[in-house]
Structure formats: C-alpha cells, structure tokens
Amino acid sequence: MSKTIGDIISCHQVDALDWKDPQVIEAFESACNHCRNPDLLDIVRIRTKVQHMITDCLIKKGFVHPPVALFSPCTDPLNHETEVPEMKYYSQVPEMKYYSQKVTLSQSMIFNKMLVSAALFSPCTDPLNHETEVPEMKYYGQKVTLSQSMIFNKMLVSALSNIQKVFWVSPNIRKEMNVKDTGRYATEFTQIDFESTQLDFESCMNLIEEILEVIVNTLAEEEGDVIERISGRRLPKLQRPLKRYDLADEAAKLGCTQGQAEDVLVSQNPNQPFFLTNLKREAYDRREESTGKYKNYDVLFPVVGEILSGAEREHTHERLTMRMHELGYKIEYFEPILRVAKEHGLKSSAGAGFGVERLVRAICLLPSIQAVYPFPRIPEKLIVF
C-alpha cells in the first residue's frame, strides 16, 4: 500500500496543542491580540532599518559575513540559569522542550513570515554570566546545543583564517530562568556579532560609538515623528563621546552592588546612552593583571539599559584556562577552543554584539521588548505560533 503525503511528513510525530487546555486558549488569544498592535508595522520597519544600518556600517569598514555555522560541539555555556531540553533530528522533525512545552524547530517561516533567521547549533558555546538552560539536540549521534552567542566562532575564524574583520547577523535562543523583568528578555532574538584582530579595547568602543551615532541620528531625522508618536518623546540625537563609567568604581562610590549601581547610572542619564566598563564576567573577556580591571564594555540606553556587550579578548591557552578555572567552568567542554589556542594560537582581538531588538526598544521607548515581535517570546510562557 502506497504512503500518502500525510504518512511521510514528520510533523505528525510532535504532539498537537491541547485546545481544551485554558492556558493554550489564553496563549492563542494573547498572541493574536499582540499581533494586532497598530504600531507594529512602524516598529518592525524601524527594526529593519536598524539591522540594515549596523550591517552597512560594518561592511563599509571591511567586515565580512561568512555563512552561519549551524552546528558545533562547543558553544557559549552562559553563566545563568536556563533549561536544557532534548531534541530529535533527521529521523523525526527537530523537536525540543520549550520550558515544559514540546515544540519544533521551524521547517520554514511560511506560517510566520517574521524577520528572523534560522536557529544556530554548537557543541561549545558562550557560557554567558547568568542562569539559562541550554537547548540541546542530537546531531547524527553527537550531542550539540543551540548557540548562545557567536563568540567562539568569531575568535576561531580570526585565529585560523586570513579574515581579520568578521560579523554575523546571529539568531539566538536563550531560555532564561527565574526572570524578574520579562520586559527586558526574549527567548529568541537577533544579535549582530562582530570581531576584528585590528581592534582593541579603545578602538572597538570608538567603532561602536560611530555606529550608534549613525543609527540614532539617522532615525531622529527620518523617523522622528513616528518615534515621538510611539514613545511620547522626541528622540535626542546622540552626542559623542559617550560617557564612560567604571562599574566597580561606581559601585564602591555608591556603597552598593554593581547591579544597583547600574540602575542608578541609567536613572542619572535620561537622554544619552553611555558605556559601562570593567564588568566581571566571562573567561574570554581580557583582564589587565596589573590593575585587575576587565577590558570589557556594555552600552546602556536610558530607561531600558544594556543593548550591547563586548570586550578585548583573552587569547592565550594559559590565560583562558586560568580564567575558566577561576569561574568554575567545565574545562573539557571547551576543549575545541582551548586546543586551537594551544596548537595554533588565537589572535588578539576585540568585538561586541548588538542586541537588535533591545536597541529598537530603547530607541522607541517601548514598555517591553516583546513589542518588537509580531508574536511574543516571553521567558517561561507558553507559545502557540
């Protein structure tokens, strides 16, 4: 007996939503109402411009965009709580646990038609510095994870190829856990990650300022009326140079935690973004041993906070191993990057990653990052689209 198309396609292997479940009905109605936001077209149009301007600035500076690497055994481990789901691949439709809900990787965007990219996979990914659960799946028999960021890819391309300036428009999936401010986090987002062996701590921050000046001032001129209608305020033009604050020093002055100091600085800068430097976090961010200061930086915008993180990198096997031990990393997981550092050598570099949706939220003063999305991706909430 010949098989029908319905017998062949794999989606029947995934459990359908239970439409008798009140939570499913609530999630469905919420998603439909969310997508009817009358400002959505303008917000997504501004988001498209932001992504275009960042990539255009990088291309004009000589950065190149390789094909996205979908699978790897070593990805960013993050340093905060996430949930680790299992996925099936090939013999069945790619599926995973989205918190407690079974979902699939999109086979195409035909039902969504959203401006997002395909999911990334890696066997060795960015550890980050807060609690997440790493989504994992089988890649032919090999366990890999969804990439948390492109940090190791950037460092490896810079080390092993003749590419000196690289960037990726990188989709990210992070299953944040125990999130208090759900307006700040989305489980799927786009990050424009760049790295160059020709950049260091200072020159990278100068490049970031230059790109932000183009974005903010262009939008202030071209979309000023629209942004004022959405946000209730006229978008101020960016003034260079941006202020810089050493986070450890500011916390010491205020006699509070670094997180509290960050909130104070955001409240004290209501009109202009600024840099935070010297943040204690991932092992690959360079630390200057003579001063004990970290050569890294965040950009924070008024009201919404951080929209970019970056650093000058640790690049020797000895330094990376030492920093990983300090932070309690599972060293064997990072063997791919450590082996390259030991046998081939990494190169001194610096870079950063723009959070596209966070930047759009900051420019439009949106109450939640979810307003940038046609269908919301709220941590630990059910999804139907």
Hey, quick one: are [X] and [Y] part of the same hydrophobic cluster, counting side-chain heavy atoms closer than 4.5 Å, chains of contacts allowed?
{"X": "Met322", "Y": "Phe152", "result": "no"}
{"X": "Phe354", "Y": "Val303", "result": "yes"}
{"X": "Phe275", "Y": "Leu254", "result": "no"}
{"X": "Trp19", "Y": "Leu382", "result": "yes"}
{"X": "Tyr329", "Y": "Tyr294", "result": "no"}

Taking 4.0 angstrom as the limit, do [X] and [Y] come out as a salt bridge?
{"X": "Glu357", "Y": "Arg47", "value": "yes"}
{"X": "Glu326", "Y": "Arg287", "value": "yes"}
{"X": "Lys295", "Y": "Asp285", "value": "no"}
{"X": "Asp56", "Y": "Lys60", "value": "yes"}

Under the rule for side-chain hydrogen bond (donor to acceptor under 3.5 Å, both in side chains), what residues qualify as partners of Lys49, not counting sequence neighbours?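 Applying side-chain hydrogen bond (donor to acceptor under 3.5 Å, both in side chains) to Lys49 gives Glu222, Glu223.
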Min side-chain heavy-atom separation [X]-[Y] under 4.5 Å:
{"X": "Phe167", "Y": "Ile192", "answer": "yes"}
{"X": "Lys165", "Y": "Glu195", "answer": "no"}
{"X": "Thr197", "Y": "Ser348", "answer": "no"}
{"X": "Met205", "Y": "Val299", "answer": "no"}
{"X": "Asp193", "Y": "Ile151", "answer": "no"}
{"X": "Glu188", "Y": "Asn172", "answer": "no"}
{"X": "Val214", "Y": "Leu238", "answer": "no"}
{"X": "Gln23", "Y": "Phe28", "answer": "no"}

Looking at [X], I want to see if its [atom1] is surrounded by more than 12 non-hydrogen atoms of other residues, nucleotides or ligands under 6.0 Å.
{"X": "Lys347", "atom1": "NZ", "answer": "yes"}
{"X": "Gln268", "atom1": "CD", "answer": "yes"}
{"X": "Arg339", "atom1": "CZ", "answer": "no"}

Is the backbone N or O of [Y] less than 3.5 Å from a side-chain atom of [X], with the two atoms forming a donor-acceptor pair by type?
{"X": "Ser30", "Y": "Glu26", "answer": "no"}
{"X": "Arg319", "Y": "Glu314", "answer": "no"}
{"X": "Asn269", "Y": "Gln272", "answer": "no"}
{"X": "His34", "Y": "Tyr373", "answer": "yes"}
{"X": "Glu312", "Y": "Phe201", "answer": "yes"}
{"X": "Thr218", "Y": "Ile215", "answer": "no"}
{"X": "Ser231", "Y": "Ile227", "answer": "yes"}
{"X": "Gln370", "Y": "Arg377", "answer": "yes"}
{"X": "His315", "Y": "Gly345", "answer": "no"}
{"X": "Gln260", "Y": "Gly255", "answer": "no"}

Once you round to the nearest 0.5 Å, how far does [atom1] of [X] lie from [atom2] of [Y]?
{"X": "Glu335", "Y": "Lys330", "atom1": "CD", "atom2": "NZ", "value": "13.0 Å"}
{"X": "Thr187", "Y": "Glu380", "atom1": "OG1", "atom2": "CD", "value": "10.5 Å"}
{"X": "Ile163", "Y": "Ser158", "atom1": "CD1", "atom2": "OG", "value": "8.0 Å"}
{"X": "Lys293", "Y": "Asn278", "atom1": "NZ", "atom2": "CG", "value": "4.5 Å"}
{"X": "Leu320", "Y": "Arg313", "atom1": "CG", "atom2": "CZ", "value": "11.0 Å"}
{"X": "Thr257", "Y": "Asp263", "atom1": "OG1", "atom2": "CG", "value": "8.0 Å"}

Begin from the C-alpha positions of Asp200 and Arg286 and carry the test salt bridge (charged side-chain N to carboxylate O under 4.0 Å, His left out) through to its verdict. CA-CA 10 Å; Asp200 58 15; Arg286 185 181 170 194; over 6 Å; no
Residue from Gln51, Gln191, Met150 passing side chain to side chain contact (heavy atoms under 4.5 Å, CB included) with Val169: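 Running side chain to side chain contact (heavy atoms under 4.5 Å, CB included) over Gln51, Gln191, Met150 with Val169 returns exactly one hit, Gln51.
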Can you list, by chain and residue number, the hydrophobic cluster partners of Leu276 when the side-chain cut-off is 4.5 Å?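 Same cluster as Leu276: Tyr245, Leu247, Leu265, Val266, Phe274, Leu279, Leu300.
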Closest non-hydrogen atom pair between [X] and [Y], with its separation:
{"X": "Ile307", "Y": "Ala362", "result": "CG2-CB, 4.2 Å"}
{"X": "Gly310", "Y": "Asn296", "result": "O-CB, 3.2 Å"}
{"X": "Pro302", "Y": "Pro273", "result": "CD-N, 4.0 Å"}
{"X": "Pro379", "Y": "Tyr185", "result": "CD-O, 3.6 Å"}

Pair Trp168 + Phe194: ring centers closer than 6.0 Å: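 Distance test on ring centres: not under 6.0 Å, no.
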Verdict with reasoning, Glu318 to Arg323, per salt bridge (charged side-chain N to carboxylate O under 4.0 Å, His left out): CA-CA 9 Å; Glu318 179 184 14; Arg323 295 289 312 286; over 6 Å; no
Determine whether the side chains of Ser309 and Asp298 contain a donor N or O and an acceptor N or O closer than 3.5 Å.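 Short answer, yes.
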Under a 3.5 Å cutoff, is there a donor and acceptor pairing between the side chains of Thr291 and Glu288?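 Distance-only check fails for Thr291 and Glu288.
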Please lay out, stage by stage, how Glu210 and Arg240 fare under the test salt bridge (charged side-chain N to carboxylate O under 4.0 Å, His left out). CA-CA 9 Å; Glu210 184 178 338; Arg240 295 177 65 188; 5.1 Å; no
Could you go step by step and tell me if Glu306 and Arg184 meet the side-chain contact (heavy atoms from CB on, under 4.5 Å) rule? CA-CA 9 Å; Glu306 181 249 321; Arg184 177 181 172 86; 3.5 Å; yes
With side-chain contact (heavy atoms from CB on, under 4.5 Å) as the test, would you mind laying out the steps for Ile46 and Val226 before giving the verdict? CA-CA 10 Å; Ile46 289 169; Val226 173; 4.3 Å; yes
Verify salt bridge (charged side-chain N to carboxylate O under 4.0 Å, His left out) between Glu202 and Arg244, making sure each step is shown before the conclusion. CA-CA 11 Å; Glu202 288 290 339; Arg244 299 183 184 184; 2.8 Å; yes
Chi angles and distances behind the side-chain contact (heavy atoms from CB on, under 4.5 Å) call for Leu365, Ile230: CA-CA 8 Å; Leu365 273 187; Ile230 293 171; over 6 Å; no
Should Leu346 and Val340 be marked as a side-chain contact (heavy atoms from CB on, under 4.5 Å) after you check the CA-CA gap, both sets of side-chain angles, and the distance that decides it? CA-CA 7 Å; Leu346 297 171; Val340 170; 3.9 Å; yes
